Amino acid sequence: MVFLNLLENIRSKTDEILEAKKCEPVKFSVESAKPGFGDITCNVPFLLSKQLKKSPQEISVELSEMYNFDDMPQIKNVESHPSGYLNFSIDYTKFNDFVIRLSLQENYGALEFGNNEKIVVEHTSVNPNKALHVGHIRNIILGDVVSKILKKANYDVKILNYVDDSGLQVADIIVGFTELGFSQESPNNEKFDHYCGDTVYVKTTEKYEFDKELEGKRHEILKQIEDRSSEVSKIAQTITRKVLNEQLKTVWNLGVFYDCLNFESQIIHSKLWETIFEKLKSDNQIKYEDKGDNAGCWVIPADGEDDKILVRSNGVATYIAKDIPYAAWKLGLVEDPFYYKIHSTQKNSQTLYETTLEGDNKLNFSGSKVITVIDNRQIRLQKIVSGLMAKFKEEGAYTHLGYESVTLSADTVKSLGLSVDGESAQMSGRKGLYVNADTVLETLTKRVYDESKSRNENLSESELQNIANIVAVGTIRYEMIKPDLDKIITFDLKNSLRLEGDTCSYIQYSYARASRILEKTDVKPNFDSGFELLSSEYEKNLIKKIGMFDVHVNDSVNNLSPKVIAKYSYELAVTFSSFYEHVKVLASETTELLNARLCLVVSFQKTLKTSLGLLGIDAPERM
RNA sequence: GGACCCGUAGCUCAGCCUGGAUAGAGCGGGUGGCUUCGGACCACCAGGCCAUGGGUUCGAAUCCCAUCGGGCCCUCCA
């Protein structure tokens, strides 16, 4: 810990001073200061004003004289600002060494939050009847980045993907195959998931409009899918597996990997529901209605809102009856009915497991905490589930990480040959109103490839491909992580191709520039020397920014907020770019200064790489 | 009818959780900077009653309430 340490030490010093002054305890803040107000700032004088019956200014002056930094050489002094704040200044002749040395460590920025506690992150969870589109990408990237951040905070993270292979959406494409005679092989080597989503699904659901008999078939088909011995069920198995495998390829291309796949069909067959249903009954969490609108149903009582029906009057469970046992399973509340087998080896060579009902291999993918990443349209359902889970385990063990959806801009809708009223449109699989993830990645990769080629004459084909891939993936990830979870992303194909300004490629470019500096000199950075020579504003700003990495990791873990790391990465890159422009490293006057600056450049690179790594973004040496 | 989310510069957004000093970025507009560690850049200018109205507070973009705009959810569908 670097900057966090300073903040905590100042906080405890302040606490001691308050105790010595016999003040009532107050909840004050110690945080990084805005430029022009020292390096670290504390608002405690404001909060004591009433209690001590003095002005914040007076208190500030008084307190500022009571600090002693003998045991904190990184702090130069504290000043009372006329506004009332206490402003602390860093002694960079000491702080530099501290930051640069620590930033070289492998686990720089790592924090102790989790105690290696097991935590389950579930994300993706897409019906295996279509290709992934940009809306799914937000879910996948958020889930992936949250997992990485939790790992950084020392949680033992297990990543799950729930494969919803038995719903109506799957039934729809099976209707297409069995009733409308769509070929079970995709034409012209088209990616199979694209074929199912773009052609079979759209065409089949289109037909429902005119052919009500066909629409009736989907329920019949759905029933047959759930009967594992039926011919239709076997076809559905084959088809959904094929689609899933294509979806996984897309996901792997984005650098996302899982530990285990859970199939909904197996959860249904596992009798988990029956177990949990009995448990709910015996714990009086649900009630049987014998009169009123819901007569004959089992319902979950919800205060304020309508009760949620769990089992219909005909005895058939509703869809929420799939989510509840799954949630309980993830939390390890029920005996695990599954065995595990290897599904595949992922692109990063990590083994991917899947659940199975036969076999003898037992593994454990449950956690004492669970985070489920699903968009906010499901917030009502998720509230019910987490409410129920809180009855079985402590409050907060089951967390729904929600976010707003991705819509398409009017221009992008137009480019799909469709029209829309207004500025943007919700995506719709049925209407063919979506942009596939593969398409976005391909378009972006091509754009970056061209850009990079025009800037570099002497790069080989494979180097160009590699750069294009790294920058394209980074760009998609960055755009999905950067906005607040509560903000709707309006996806615009053209806009997403931007490579200037606050974009991933800007950040990556700063890394590539740093690489070039190191490449152009024969001097090997020697970290045994002191770094007090780094004293210009640009150098100090960069060191401070590097040192503040842990503050942002801390913030992002505490709030489950991936965007904090995106913002930090950008700020770090901006600070370096300014340094780069104003401090000519290779033109340093003395060898000592040159060495110190080279070390700073290395320190920056390592930190940026680690920070981008949390976002699942690679840093290229050249681009 | 009920629940949740959003509203900050021409546009896209950060800051809001945890109230405090001068409300920050990017794009777009206007200047300036390559005898260059790579211009996917840097430096600067213009552009804001932080949706509106109340309240709490010594102090509100930030907390509370109401209103207005926009979105989204609420079926014995999945």
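Quick caveat: nothing in here was measured; it's all calculated off a predicted structure. Each chain gets a letter, A, B and so on, in the order its sequence line appears, and its residues count up from 1.
With A:Asp39 as the fixed residue, the salt bridge (Lys or Arg N to Asp or Glu O under 4.0 Å) test singles out one of A:Lys34, A:Lys544, A:Lys540: A:Lys544. No option in A:Thr412, A:Leu408, A:Ile489 other than A:Leu408 meets the side-chain contact (heavy atoms from CB on, under 4.5 Å) test with A:Val134.
Contact annotation: side chain of A:Arg516 to base of B:G38, donor-acceptor pair present below 3.5 Å. In terms of polar N and O atoms assigned as donor or acceptor, the side chain of A:Thr41 comes within less than 3.5 Å of the base of B:A21 in a complementary pairing.
Aromatic rings of A:Tyr506 and A:Tyr509 (six-membered ring for Trp) have centroids beyond the 6.0 Å cut-off, not under it.
Among the nucleotides B:C42, B:C58, B:G15, the one closest to the side chain of A:Lys50 is B:C58. When the nucleotides B:G38, B:A14, B:C17 are ranked by their closest atom to the side chain of A:Lys487, B:A14 comes out on top. Ranking B:G20, B:A21, B:G39 by closeness to the A:Asn87 side chain, first place goes to B:A21. Comparing atom distances between the A:Lys34 side chain and each of B:A14, B:A21, B:G39 picks out B:A21 as nearest.
For A:Tyr85 and B:A21, the ring-to-base geometry satisfies the stacking test (centroid distance below 5.5 Å, interplanar angle below 30°).
Checked by atom type, the side-chain pair A:Arg430/A:Gln169 shows no donor-acceptor distance below 3.5 Å. Side chains of A:Thr503 and A:Arg498: a donor-acceptor N/O pair is absent below 3.5 angstrom, by distance only.
Contact check, A:Lys563 against B:G15: a side-chain N or O comes under 4.0 Å of OP1 or OP2. For A:Ser578 and B:A43, the shortest distance from a side-chain N or O to OP1 or OP2 is below 4.0 Å.
Annotation: cation-pi pair A:Lys606/A:Phe604 absent, no NZ/CZ under 6.0 Å from the ring centroid and within 45° of its normal.
In this structure, CG of A:Asn559 is placed 10 Å from P of B:G15, rounded to the nearest angstrom.
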What are the atom names and distances for every N/O pair under 3.5 Å that joins the protein to nucleotides 61-65 of chain B?
none

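Taking the six-membered ring where tryptophan is involved, the planes of A:His136 and A:His133 are essentially parallel, since the angle between them stays under 30° and well short of 60°.
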Next on the checklist: One pair to check against ring pair (Phe, Tyr, Trp, His ring centres under 6.0 Å): A:Phe37 and A:Tyr85. What are the steps and the verdict?
Outcome noted: CA-CA 9 Å; A:Phe37 298 103; A:Tyr85 277 100; 7.6 Å; no
Next on the checklist: I'd like to know whether A:Ser561 forms a side-chain contact (heavy atoms from CB on, under 4.5 Å) with A:Val564, so could you lay out the CA-CA distance, the side-chain angles of the two residues, the decisive distance to 0.1 Å, and finally the verdict.
Outcome noted: CA-CA 6 Å; A:Ser561 179; A:Val564 171; 3.5 Å; yes
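Taken from CG in A:Asn314 to SG in A:Cys297, the straight-line distance is 8.0 Å, to the nearest 0.5 Å.
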Checklist entry - What string of B, S and - do you get for nucleotides 71-78 of chain B 5' to 3' if you count protein non-hydrogen atoms under 4.0 Å? => result SSSS-BSB
Item to check | Per-nucleotide protein contact string for nucleotides 25-33 of chain B (B base, S sugar-phosphate only, - none; heavy atom under 4.0 Å) | outcome: SSS-----B
